[in-house]
Amino acid sequence: IRTNAFSLIWMGILLLAASNAMAVTYTVNAGESIQAAIDMAGATDIILVGDGIFNQNVNINKAVTLVSMNGAGATTIQGSAAQATALAGNLGTLCLSVDGITIGTGAADGFTIIGYDWTSPGIEHAAIYIKNSVHGDISIIGNSIVADGEAALLAEYGCITGGNVEVASNEFSGQTYVGTTVGGTSADQYTIPNVPRSMVYFGGNNIGISFHDNELGGSVGAIIEGTGDSYYNTGATIDCNGATDLATGAQIINNIITIPSWAALRARGGFSTVTDNDFDTSVSGEFVGAYYQNYETGIFANNQRYMVP
């Protein structure tokens with residue numbers, strides 16, 4: 001085989017590029033800081049978290065993969081309002097601010113992620129909060145995501161303009177308010193404390209959200225304090241109003257939603273595919289169904305126990 005100086009130089013460049021592309025794994029054991037590992041990591045690196053309960057809020061501001069050693073049953077990340085206050089820019093137990101983030105890849109390496117209550121009604125928080133600087137390439141797979149006074153999963157309005165967001169095989173639970181009563185209705189949600197949020201919320205001109213094989217339970221409403229009336233939010237709001245065809249619309253497939261609510265699923269915008277879901281209408285005697293707008297340009301099929309207004 002004949003070589004020359006030019007080919008050797010190119011081989012060196014290719015080897016250097018391959019070396020730079022290799023992900024580095026940072027291991028976080030019990031008692032250590034997940035945030036510190038992320039701060040040290042570079043894009044595409046892996047944060048591997050050991051067993052235990054990590055009482056931490058985390059800003060994920062790099063395109064990293066966050067996984068656990070032994071799954072959601074072994075590793076819990078528990079946020080708090082105090083930690084959110086102490087961590088600049090934080091709005092969630094896990095607060096995502098860039099594209100390219102992965103949280104769990106399946107049941108074997110996901111997390112239990114627990115939210116917290118934020119007492120100021122004008123600012124929303126969540127167990128997993130997606131900021132408007134995120135436009136796509138997000139994977140959230142194989143986790144147990146627990147609401148505790150705010151949403152379980154919340155994206156800022158209309159931020160997913162690049163698509164390729166996958167939320168799959170997660171269990172959602174808890175309640176999006178505190179106590180046994182709620183403060184008011186959605187008309188009051190930014191002025192009165194303790195108005196229940198949706199369990200999962202992607203509102204606005206998003207595109208390319210795949211939401212599949214998830215189980216949603218818990219509570220998004222109750223009696224309004226001091227009245228005989230009740231108020232329930234949606235179980236999941238997944239809007240892809242920016243879609244221009246079925247490929248860029250929402251893919252909402254094979255989910256089980258058993259949340260008492262005025263709509264277990266709200267999917268606004270055309271070109272959404274809503275198939276093979278189970279909207280359980282038997283929970284607590286409350287109406288649970290699907291509110292699916294502009295379905296003439298999408299696909300709505302093989303769903304169980306639903307109503308379309």
Side-chain angles (χ1 to χ4, degrees), residues 71-79 92-94 103-104 106-107 110-117 124-130 140-155 166-182 186 194-203 209-223 230-238 250 252-267 274-292 303-307:
T75 305
T76 296
I77 306 174
Q78 167 78 71
T93 302
L94 300 182
I103 302 172
F111 297 86
T112 294
I113 303 160
I114 305 176
Y116 54 90
D117 181 45
E124 294 181 284
H125 285 235
I128 300 178
Y129 189 100
I130 301 174
I140 302 170
I141 302 174
N143 303 282
S144 174
I145 306 170
V146 184
D148 190 11
E150 301 284 342
L153 172 59
L154 170 68
E166 183 178 17
V167 180
S169 303
N170 302 287
E171 294 183 5
F172 294 90
S173 61
Q175 59 184 55
T176 63
Y177 57 95
V178 296
T180 58
T181 60
V182 302
S186 59
N194 207 33
V195 174
R197 312 297 191 186
S198 296
M199 187 67 68
V200 174
Y201 184 84
F202 288 90
I209 298 172
S210 176
F211 189 84
H212 66 89
D213 297 290
N214 300 286
E215 295 185 14
L216 282 73
S219 179
V220 295
I223 297 295
S230 61
Y231 172 72
Y232 291 84
N233 212 315
T234 63
T237 291
I238 304 173
I252 305 168
I253 300 171
N254 202 39
N255 301 285
I256 299 173
I257 306 179
T258 58
I259 303 178
S261 52
W262 75 264
L265 170 69
R266 177 172 59 177
V274 182
T275 62
D276 301 298
N277 300 284
D278 189 349
F279 306 119
D280 189 346
T281 58
S282 66
V283 179
S284 302
E286 297 291 338
F287 167 73
V288 181
Y291 181 77
Y292 182 32
N303 298 292
Q304 299 182 54
R305 294 180 285 194
Y306 69 91
M307 295 178 65

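- Put simply, the side chain of L94 does not reach to within 4.5 Å of the side chain of F111, judged on heavy atoms.
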In residues 144-151, what donor-acceptor pairs under 3.5 Å come from side-chain atoms, sequence neighbours left out?
unit_1	atom_1	unit_2	atom_2	d
E150	OE1	R197	NE	3.4
E150	OE2	W118	N	3.2

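- The two atoms that bring M199 and V220 nearest to each other are N-CG1, 3.7 Å, heavy atoms only.
- If you take OG1 on T275 and NE2 on H212, they are separated by 11.5 Å, rounding to the nearest 0.5 Å.
- Considering only heavy atoms from C-beta on, V167 stays 4.5 Å or farther from I238 through its side chain.
- Annotation: the span from I77 atom CD1 to I114 atom CD1 amounts to 10.0 Å, rounded to 0.5 Å.
- Not a single side-chain hydrogen bond (donor to acceptor under 3.5 Å, both in side chains) links Q78 to another residue, sequence neighbours left out.
- At least one donor-acceptor pair under 3.5 Å links the side chain of Y177 to the backbone N or O of G221.
- With sequence neighbours excluded, the residues satisfying side-chain hydrogen bond (donor to acceptor under 3.5 Å, both in side chains) with N233 are S198.
- In this structure, T176 contributes its side chain and P196 its backbone to no donor-acceptor pair below 3.5 Å.
- Here the closest non-hydrogen pair linking G218 and P260 is O-CD, 3.8 Å.
- How far CG of N277 is from CG of N254: 7.0 Å, rounded to the nearest 0.5 Å.
- Contact of the L153 side chain with the F202 side chain is registered, since non-hydrogen atoms from C-beta on lie closer than 4.5 Å.
- Within the 3.5 Å criterion, the main-chain N or O of N143 finds a donor-acceptor partner in the side chain of N170.
- Side-chain contact between I259 and F172 is absent, with no heavy atoms from C-beta onward closer than 4.5 Å.
- Closest approach of L154 to A126, counting heavy atoms only: CB-CB, 3.8 Å.
- For the pair V274/N303, a side-chain contact is recorded, criterion being any heavy-atom separation below 4.5 Å from C-beta on.
- Residue I256 holds its CD1 atom at 10.0 Å from CG of L216, rounded to the nearest 0.5 Å.
- Residues passing the side-chain hydrogen bond (donor to acceptor under 3.5 Å, both in side chains) test with D276: none are found, sequence neighbours excluded.
- What you find for A267 and I252 is that their closest heavy atoms are CB-CD1, 4.0 Å.
- Judged as a side-chain hydrogen bond (donor to acceptor under 3.5 Å, both in side chains), and not counting sequence neighbours, Y201 has no contacts.
- A74 is linked by a side-chain contact (heavy atoms from CB on, under 4.5 Å) to D51, N70, counting only residues two or more places apart in sequence or in another chain.
- Between the OG1 atom in T234 and the CG atom in L265 there is a gap of 8.5 Å [rounded to 0.5 Å].
- Separation of atoms OG1 (T258) and CG (D278) is listed at 8.5 Å; rounding is to 0.5 Å.
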